Amino acid sequence: MGELIFTDNSSWNRSKRFRIGLKVATGSCGNTRIREAKTDAFQVKEHRGEAYMKHHPPASDDEVWRLENIAKGGKSHQKLSDAGIYKVEDFLLQLFTDPEKLREILGKSIP
């Protein structure tokens, strides 16, 4: 299919509906006449974003950003990582052994 060019109008929106367009590459097919085409919108079932979703309830060996109000790579995540808190289990251990220190690490950013 080297003489054909495919395009799509995909985007990261929640509708998950796509269209595919097709046109003949310039200078190909000689005297053959081929019209451009596009599909009707169709739904694509994909799971690309699921790896970054929160788990309910989070497992003890999940990374700490799986907790609510902690964004992956965000300020709170960075503060926790700097303090050696990488997993939910580490977070819970700190919460039960020294909640004041955990509050000091996170500051007022997380209720």
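None of these values were measured; they are calculated from a predicted model. Numbers here are sequence positions counted from 1.
- Take Leu93 and apply the side chain to side chain contact (heavy atoms under 4.5 Å, CB included) test, not counting sequence neighbours, and it matches Thr97.
- Remark: Glu89 engages no residue in a side chain to side chain donor-acceptor pair (under 3.5 Å) (not counting sequence neighbours).
- In this structure, the side chain of Lys87 does not engage the main chain of Asp62 through any donor-acceptor pair within 3.5 Å.
- Side-chain contact check for Val64 versus Asp90: every heavy-atom pair is 4.5 Å or farther apart.
- Of the inter-residue distances, the one linking Glu100 atom CD with Leu95 atom CG reads 10.0 Å to the nearest 0.5 angstrom.
- In this view, Lys101 and Gln94, Asp98, Ile105 satisfy the side chain to side chain contact (heavy atoms under 4.5 Å, CB included) rule, not counting sequence neighbours.
- More than 12 heavy atoms of other residues, nucleotides or ligands shown are found within 6.0 angstrom of NZ on Lys72.
- Residues satisfying the side chain to side chain donor-acceptor pair (under 3.5 Å) test with Asp82, not counting sequence neighbours, are Gln78.
- For Ser81, the side chain to side chain contact (heavy atoms under 4.5 Å, CB included) criterion is met by His77, Tyr86, not counting sequence neighbours.
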**Item:** Candidate pair Leu80 and Trp65, rule side-chain contact (heavy atoms from CB on, under 4.5 Å), full reasoning
**Value:** CA-CA 9 Å; Leu80 291 167; Trp65 61 263; over 6 Å; no
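- Shown here for Pro58 and Val88, the closest heavy-atom pair between the two residues is CB-CG2, 4.1 Å.
- Every residue meeting the side chain to side chain donor-acceptor pair (under 3.5 Å) condition with Glu68, not counting sequence neighbours, appears here in chain and number order: His56.
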